[in-house]
Amino acid sequence: QVQLVESGGGSVQAGGSLSLSCAAPKASGYTLGTYCMAWFRQAPGKQREGVSSLDRNGRPIYTGSVKGRFTISRDNANDTLYLRMNSLKPDDAGTYYCAARSSVTCPLFESFYTYWGQGTQVTVSS
C-alpha cells in the first residue's frame, strides 16, 4: 500500500504563489521513482479534475488552465512530488490531491490512479 502525504497548502491573494509537496513515507515500503504521479484538485461543488501529471522519465502533462503558471516536478531520491503554482487565480482554489500509479503513461483522469493522498487546501482570494 502506497501512502501519500500532501503538504504546502494555504491561503494567498490572487497573483500569489504556493508550492505543494507530496511525500511517500519510507515506512510505506515503496519508492515512487517508477510511478506515474499526478496532482488533482476539487473545488466545492465540482468534480475532481486533473491538474498535472509526471511520468517516470520526467515528462509532464498539464491541463490547459494551468499551463505556463504551474510546474510539476519530482525528487525521486526523496520520493517527493512537487507542484509550484504561480500567478494563482480564484479558480485555482480547492483541495489538491496527490495521486500515484505504477505505470508508464500518466493520463489526467481520476479513475486511472490507484493511490491517493488526503488532500491539502488551497485558498485564493481576489
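Keep in mind that what you see is a predicted model, and the values were worked out from it rather than measured. Basis for what follows: all heavy atoms, side chains included, without hydrogens, waters or symmetry-related copies.
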Test Thr120 against Thr95 for side chain to side chain contact (heavy atoms under 4.5 Å, CB included), laying out the working first. CA-CA 5 Å; Thr120 186; Thr95 303; over 6 Å; no
Quiz item: Got Phe70 and Val51 here, is their nearest side-chain heavy-atom distance under 4.5 Å?
Solution: yes
Applying side-chain contact (heavy atoms from CB on, under 4.5 Å) to Ile61 and not counting sequence neighbours gives Ser53, Leu108
Over all heavy atoms of both residues, which pair between [X] and [Y] is shortest? Give the atoms and the distance, please.
| X | Y | result |
| --- | --- | --- |
| Arg101 | Thr114 | CG-OG1, 3.7 Å |
| Gln118 | Leu4 | OE1-O, 3.6 Å |
| Tyr35 | Ser102 | CD2-N, 3.5 Å |

Here the ring-ring contact (aromatic ring centres under 6.0 Å, His included) pairs for residues 103-126, sequence neighbours left out, are Phe40-Tyr113, Phe40-Trp116, Phe109-Phe112
Q) Does the pair Glu6 and Ser21 meet the rule for a side chain to side chain contact (heavy atoms under 4.5 Å, CB included), with working shown? A) CA-CA 5 Å; Glu6 302 99 333; Ser21 299; over 6 Å; no
- [ ] Using the rule that two of Ile, Leu, Val, Met, Phe, Trp, Tyr join whenever any of their side-chain heavy atoms come within less than 4.5 Å, decide whether Val66 and Tyr82 are in one cluster.
- [x] no
> Any cation-pi pair here, Arg41 with Tyr97, using under 6.0 Å and within 45°?
Replying inline: no
Margin query: If the threshold is 4.0 Å, N to carboxylate O, is there a salt bridge linking Arg69 and Asp92?
Written below: yes
Could you list the donor-acceptor pairs under 3.5 angstrom formed by side chains in residues 7-20, with sequence neighbours left out?
residue, atom, partner, partner atom, Å
Ser17, OG, Asn86, OD1, 2.9
Ser19, OG, Arg84, NH1, 2.9

Review point. Got a donor-acceptor contact below 3.5 angstrom from the Asn57 side chain to the Arg59 backbone?
Key: no
task = Check the pair Trp39, Leu81 against side chain to side chain contact (heavy atoms under 4.5 Å, CB included), reporting the backbone distance first and the verdict last.
result = CA-CA 9 Å; Trp39 288 99; Leu81 178 73; 3.3 Å; yes
